[in-house]
Amino acid sequence: VASHQAQRIGELLREEDVAADIIEELAKSPPASVTLVKGSPAEGFATPGLTLLTDAEVFGFTKQRRVMRRRPIKREAFLAELKLNEYVVHVEHGIGRFVGTLRRPSVEGQEREFLVLEYAESDKLYVPTEHIDRVAPYVAPGEASPSLSRLGSAEWERTKQRVKESAREVAKDLLAVYAAREIAPGHAYPPDTPWQQEMEAAFPYVETADQAVTIQEVKADMEKPRPMDRLVCGDVGFGKTEVAVRAAFKAVMDGKQVALLVPTTVLAEQHFNTFRQRMAAFPIRVEMLSRFRSDKEQNDVVRRLKAGDVDIVIGTHRLLQKDVEFKELGLVIIDEEQRFGVLHKERLKRMRATVDVLTLSATPIPRTLHMSLAGVRDLSTIQTPPEERLPIKTYVVDDSDDVVREAVLREMDRGGQVFFLHNRVHNIEFIAERVRKLVPEASVAVAHGQMDEHDLERVMLDFYNGAYDVLVCTTIIESGLDIPNVNTLIVQDAHTFGLSQLHQLRGRVGRGAARAYAYFLTPPGMRLTETADRRLATIMEATELGAGFRIAMKDLEIRGAGNLLGAEQSGQINSVGFDLYSRLLEEAVRELKAQQYVDKGERPPVELLPQAPLPEVAMDLPLAAHIPESYVPDVAARLGLYGKLVRARSEEDMEDVRQEMTDRFGPPPAEIQDLLYVVRIRLLAGRAGVQAVSRQNGSIVVQFRNGVQPDKAFLEKAYGTWVQVGFNQVRLDLNKLGDRWRKVLASVLSAMGME
């Protein structure tokens, strides 16, 4: 039995007065008539005197085991894509243009790589790759080009200070919203009940690390005496629904009602079936409000909601109408918030004043995402994909009969089905006829939102059951629909869709173990707008599993943060770029939150203390520490790897980058090993209070910052004549150390950093 199932079976047996010991491995003679053994055999067996049953045979299913390491999300990773001849922002020097990279010799002719930035009056700035974290792409709302900064002038510092003050004012407004939520009366739920544990144990998968953390964060929020407002950002099919199921169950266990709001009727039906199935063993009443229900059925659900006879209601915007009242609403779950209009959101605002709110999204709207990044809303991310999931092959191509026919036939040849998306109802039948003529072998059905609800339900059900090969449809399929046999998506006029919408549509395929394909078609010969071009380029680049957060970040770049900031702030963003503005805003939010604790005479939590980066350490070692062009020819890929190494804050971070390089480009050459060593030395030196590490006259000199004194007695006792310790420096004698200098340097800095 899997370890998480053993306890559950033990409880069930004890209820029947059957004693059962839980042991780690099976002895020759079991200590009791029933013994629970932790393990994961595929199936049981029977021999004279011994019968072994697995959890699959006891419960009718087994937990599907998938264990993947959790990688925390880093916003910088998505905002650090530097491109040639595009505008960039250097934190200290302002707005320039990235014109390429350059290699220059340093100590003893060893090469180093530099970024070349061009400023006003054709001035050039050479930025060492170890300072790449100080440079970010310039992104701002609108299409206007910024003015290049002048090197050596004080104008940039004045601009930065002005924007910082403005960001502080915005932060005050954001924190007023945050503070109102913090002090608002909410309901504190009790710890999990035994039924909660039993329901969760029946989940047929092992939770991914991200999923487990997110579930704990949601439950912890619900147990606090203030209303929850958490955004769960996870890609399509990564397990957000299970988070919602457990939160809803917890609310019902304490006598509260739950409303799950979804954007489409088809998705409401799907969630309704999922919730009913997961809660079938418990006395929980789950109902649905959508146009798939008759007026009589809807009125009955509304009446029972008001009387408290429905625990969980799943519905479309019908849930937001004035006649829907709850007896004891405790939790509102919003699936894909970006699909609801302004009026719906106003109603939601009134609903969420005193109840817990959980928002689920693969690609949150810029405003929601920005509020989460600024720390005003709580954010959880689920990045770990299901074990067998493969990235979706994505193509952006001209619309042609050959492409459509080949794509459909290829999917049919392997027994799969196709979504063909055409988002105009008036001529959708004409498009369906085109598909029938192109692929006479295929059976084709049509689905759109203006159909009679019973006809639509029948078509979707028939398609789900494999009665049709191709479904010609509108964006009614966009949110959450789960049909594992559909593994090819064709989207007509892809340039007319938003970035998040394209990603959501792509998420309708590739939900099983088979490779999926997405074809985004554009009219032949049409010249696309710059924004449409950027969207399609992004959707083609961001095909990796878990790309939803990256897509949302790009959307935030392209569209700006919306009405979160208002028109008066767009000028400030234009002055310094979105990335730097976001950093200044986050700093201001953190400072103001910390000040609130200080004003009450309390110590601020660690996460609110100033996030000072490790001190800059000047490095000049006799090593060829760079990424050779022969190893990584693409400039953008090379800069991306430099950026990840510069942002490394632990040996684990460095190992992640080394592993990524090995996976993508093969075994790292000697120059990469040198580069990884230099990064490690910089980390150790920063912690030890070191200002510079360089080679001088046959020695490696470690120069400490003012006020930092090396421990002479300790170092001389530990390293003898290998080191000479001065007032604020340590010298390593290369003549005596030879090739051992690397190991000794790392050891000295490590020892100094621990003092």
Side-chain angles (χ1 to χ4, degrees), residues 67-82 101 103 106 110-115 127-135 209-210 381 383-385 391 541-547 549-550 613-614 616-617 619-688 690 693 700 739-750 753:
V67 179
M68 294 184 74
R69 186 168 153 214
R70 184 171 207 246
R71 290 173 183 253
I73 205 133
K74 294 189 175 102
R75 179 179 62 90
E76 295 91 333
F78 306 122
L79 291 177
E81 296 171 1
L82 301 176
T101 61
R103 281 216 167 76
S106 60
Q110 300 287 5
E111 284 195 338
R112 294 171 70 191
E113 191 162 12
F114 294 81
L115 278 68
V127 182
T129 49
E130 61 262 31
H131 293 169
I132 200 170
D133 57 332
R134 294 163 181 260
V135 182
D210 299 19
T381 57
Q383 291 191 93
T384 315
E541 288 168 12
T543 57
E544 73 275 14
L545 295 170
F549 195 88
R550 177 178 175 183
L614 286 174
E616 274 303 317
V617 181
M619 303 285 292
D620 203 357
L621 293 173
L623 297 171
H626 67 276
I627 302 174
E629 276 185 58
S630 56
Y631 181 62
V632 183
D634 182 65
V635 174
R638 217 162 53 242
L639 295 180
L641 293 170
Y642 278 126
K644 289 176 182 178
L645 283 171
V646 168
R647 288 186 289 272
R649 287 293 174 263
S650 67
E651 297 271 355
E652 188 183 42
D653 290 345
M654 287 170 52
E655 177 57 26
D656 281 349
V657 182
R658 191 193 67 77
Q659 189 62 52
E660 181 187 338
M661 284 195 273
T662 304
D663 290 346
R664 291 173 64 185
F665 305 105
E671 293 92 339
I672 301 285
Q673 306 296 353
D674 286 350
L675 181 61
L676 291 168
Y677 175 79
V678 169
V679 172
R680 180 167 175 249
I681 291 300
R682 182 178 290 107
L683 286 175
L684 293 172
R687 293 178 189 132
V690 170
V693 182
I700 298 294
D739 290 340
R740 288 172 295 179
W741 71 266
R742 294 184 185 220
K743 192 172 182 180
V744 172
L745 176 59
S747 175
V748 167
L749 292 173
S750 185

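Scope of the values below: all heavy atoms of this structure, side chains included, with no hydrogens, waters or symmetry mates.
Summarising the geometry of Ala685 relative to Val693, their closest heavy-atom pair is CB-CG2, 4.3 Å, with the distance given to 0.1 Å. Between Tyr642 and Glu113 the shortest heavy-atom distance is OH-OE1, 2.7 Å. Minimum heavy-atom separation, Ile627 to Arg103: O-NH2, 2.8 Å. Across Met661 and Ile672, no two heavy atoms sit closer than the pair CE-CG2, 3.7 Å. Of all heavy-atom pairs between Arg638 and Pro628, the closest is CD-O, 4.4 Å. When all heavy atoms of Ser650 and Leu683 are compared, the pair lying nearest together is N-CD1, 4.0 Å.
Residues Glu671 and Tyr631 fail the side-chain proximity criterion, which asks for heavy atoms closer than 4.5 Å. Between Leu639 and Thr101, the closest side-chain pair of non-hydrogen atoms falls below 4.5 Å. The shortest distance between side-chain heavy atoms of Trp741 and Leu621 falls below 4.5 Å. Side-chain contact check for Arg134 versus Val127: every heavy-atom pair is 4.5 Å or farther apart. Between Leu645 and Leu676 the shortest side-chain heavy-atom distance falls below 4.5 Å. Counting heavy atoms from C-beta outward, Arg742 and Asp674 have side chains that approach closer than 4.5 Å.
Atom-to-atom distance recorded for Leu749:CG and Arg682:CZ is 12.0 Å, nearest 0.5 angstrom. Note: Gln673 CD to Leu675 CG = 9.5 Å, rounded to the nearest 0.5 Å. Remark: Phe114 CZ to His626 NE2 distance equals 12.0 Å, nearest 0.5 Å.
More than 12 heavy-atom neighbours from other residues, nucleotides or ligands sit within 6.0 angstrom of CG on Asp663.
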**Asked** Are Glu660 and Asp656 close enough, and set up right, to give a side chain to side chain contact (heavy atoms under 4.5 Å, CB included), and what steps lead you there?
**Response** CA-CA 6 Å; Glu660 181 187 338; Asp656 281 349; over 6 Å; no

